[in-house]
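Labels below follow one simple rule: chain letters A, B, ... track the order of the sequence lines, proteins then strands, and each chain is numbered from 1. Every heavy atom of this structure was used, including side-chain atoms; hydrogens, water molecules and symmetry mates were not.
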There are 2 protein chains.
Amino acid sequence: MQPSTIQALVFDVFGTVVDWRSGVARDAAAFLQRHGAKQTDGFAFADAWRRRYSPAMEEVRSGRRPFTRLDQLHRENLEAILPDFGLAATTLPEDELKWLNRAWHRLEPWPDAVAGLTRLKARYAIATLSNGNTSLMLNLARYAGLPWDAILGAEAAQAYKPAPQAYLRTLELLDLRPEQVCLVAAHNYDLTAARGHGLKTAFVARPLEFGPGQRTDLAPEQDWDWVAPDFRQLAELLGA
Amino acid sequence: MQPSTIQALVFDVFGTVVDWRSGVARDAAAFLQRHGAKQTDGFAFADAWRRRYSPAMEEVRSGRRPFTRLDQLHRENLEAILPDFGLAATTLPEDELKWLNRAWHRLEPWPDAVAGLTRLKARYAIATLSNGNTSLMLNLARYAGLPWDAILGAEAAQAYKPAPQAYLRTLELLDLRPEQVCLVAAHNYDLTAARGHGLKTAFVARPLEFGPGQRTDLAPEQDWDWVAPDFRQLAELLGA
């Protein structure tokens, strides 16, 4: 497909642009050791934390809970899993809990991400369309050197993907028609929702997002408009 | 004052960062000539257009009208002033009107702005806090090379400055306390409102914003936390 109608690329971020699992594991391991946890495997901690991510957002998506920013959901989930590692939020210093919760603001980009985004930005507007809140995305961009033109997504839309409003409000803020915007994501469910609203779609597999045993999203599950192994090659496909 | 508590700088844009009058006048003059207007003074056109800016936003601030993005207000104001120049929106091609309305997306930065912002960005998060809508600010940033970390302001807040919500919602999105954020503006009224909500304040005079006859905002009208003649010297004052 020719990219000629596209004006802006919007990106899923956790997993697609940055390696959340390694970054969270790194800080969690240091935290667990520092506080004498009985279990100090940072990857196990990252995985436990991440398992509560989607259910927490589902409370908002279902309307059972008003929109609550991801930092707050992460904090509640953090407190919920600490006992599994032999710790309790009530006996830990508040600034230590804050520091660990902000591990999600300190994630490394995949090796191709910054060079690929820089190249894509020369031709297209690039923006986040992440479930992460605005300040989280801003801090992450400054940490990882991600050259976004704008930070859009869940908090701006007051809706978590894949709720329709997350995509539709992003189009409104960009003042673009659906076919002028392409979602770049490593997750088929996200692209499915975006396509349902008329956006163009680009799949970049991130087979290590969930670690060496990953079984999901290893390949495209539909005929997405573009499929590339990394952001540099996506730039090539998109003529950037 | 020591800048040590500050985490983010938020910027007024029209007049403070970019020279709207010269940019609008340039495109308006070309437009007026192209369409055989009886009056082809681009600066007169820019001034007439700008005179309707604040009254149009006041309709929203007063609650008489729901939040409407600035591009739309600009378009209505454009159609309203065309007759003063011997033209009528109904007899002009739609793509020409769209092009002229987007003159506000194609404005030159003041000469110190890009270098100053780049330097400030190395130490502080920098974001817009403008009445311009998100897509306008995004396009302007790409046109003028403004290296924002985030585009915040009226559309994100659904409120026009100096309404309180414009400042308060921006703090929420940044997840910062008022004293951690400094507004940079060339307009005393904007700084007055920001200070009223506890933000820090920096005044940079732009004595040519309204042309050679400018009488307002030539000097600080309160003891703002910082006063600098341009963004480079502001960076110096703020230790960036």
Side-chain angles (χ1 to χ4, degrees), chain A residues 7-10 13 67-75 98 101-102 104-105 118 120-130 132-158 169-177 180-181 240, chain B residues 7-10 13 67-75 98 101-102 104-105 118 120-130 132-158 169-177 180-181 240:
Chain A
Q7 302 284 319
L9 304 174
V10 293
V13 176
F67 186 81
T68 305
R69 68 164 70 110
L70 188 62
D71 274 337
Q72 174 63 26
L73 302 181
H74 275 156
R75 174 62 186 253
K98 274 192 180 149
N101 203 48
R102 285 180 52 123
W104 296 89
H105 299 216
T118 301
L120 289 162
K121 184 178 179 174
R123 173 153 176 186
Y124 304 99
I126 60 170
T128 62
L129 175 36
S130 163
N133 46 284
T134 302
S135 63
L136 190 171
M137 284 292 124
L138 187 157
N139 292 335
L140 184 55
R142 289 178 63 81
Y143 180 87
L146 309 174
W148 306 120
D149 287 304
I151 291 172
L152 304 175
E155 194 175 15
Q158 297 282 295
R169 178 72 178 142
T170 298
L171 294 176
E172 261 181 45
L173 288 166
L174 289 169
D175 195 19
L176 293 173
R177 298 188 304 275
Q180 295 177 308
V181 178
Chain B
Q7 301 284 319
L9 303 174
V10 293
V13 176
F67 185 80
T68 305
R69 69 163 68 110
L70 189 62
D71 274 339
Q72 174 63 26
L73 301 181
H74 276 155
R75 174 60 187 255
K98 274 190 180 148
N101 203 48
R102 287 182 48 125
W104 297 90
H105 299 217
T118 301
L120 289 162
K121 184 177 180 173
R123 173 155 176 184
Y124 304 100
I126 60 170
T128 62
L129 175 37
S130 164
N133 45 284
T134 302
S135 62
L136 190 172
M137 284 292 125
L138 186 158
N139 292 335
L140 184 55
R142 290 178 62 83
Y143 179 88
L146 309 174
W148 306 121
D149 287 303
I151 291 172
L152 305 176
E155 195 174 13
Q158 297 282 294
R169 178 71 179 142
T170 298
L171 294 176
E172 262 182 44
L173 288 166
L174 289 169
D175 196 20
L176 293 173
R177 298 189 304 275
Q180 294 177 308
V181 178

Student: Report, by ascending residue number, the residues of residues 147-157 of chain B in heavy-atom contact with chain A at a distance under 4.5 Å; give 'none' if the set is empty.
Tutor: B:Trp148, B:Asp149, B:Ala150, B:Ile151, B:Leu152, B:Glu155
Student: I need the A:Met137 CE to B:Leu173 CG distance, nearest 0.5 Å.
Tutor: 13.5 Å
Student: Locate the shortest heavy-atom distance separating A:Ser135 from B:Leu174; write the atom from each residue and the value.
Tutor: CB-O, 3.3 Å
Student: Kindly write out the residues that satisfy ring pair (Phe, Tyr, Trp, His ring centres under 6.0 Å) with A:Phe67, not counting sequence neighbours, or none if the list is empty.
Tutor: A:Tyr160
Student: Quick check on A:Asp71 against chain B: is it the side chain, the backbone, both or neither that has a heavy atom closer than 4.5 Å?
Tutor: side chain
Student: On a heavy-atom basis, which atom in A:Lys121 and which in B:Arg142 lie closest, and how many Å separate them?
Tutor: O-NH2, 2.8 Å
Student: Just jot down the salt bridge (charged side-chain N to carboxylate O under 4.0 Å, His left out) partners of B:Asp175, sequence neighbours excluded, or say none.
Tutor: A:Arg69
Student: Measure distances from B:Gln7 to the heavy atoms of chain A and classify the residue's part below 4.5 Å as side chain, backbone, both or neither.
Tutor: neither
Student: Quick one: side-chain hydrogen bond (donor to acceptor under 3.5 Å, both in side chains) partners of A:Thr128, sequence neighbours excluded?
Tutor: none
Student: Can you tell me which portion of A:Gln72 sits under 4.5 Å from chain B's heavy atoms? Options are side chain, backbone, both or neither.
Tutor: neither
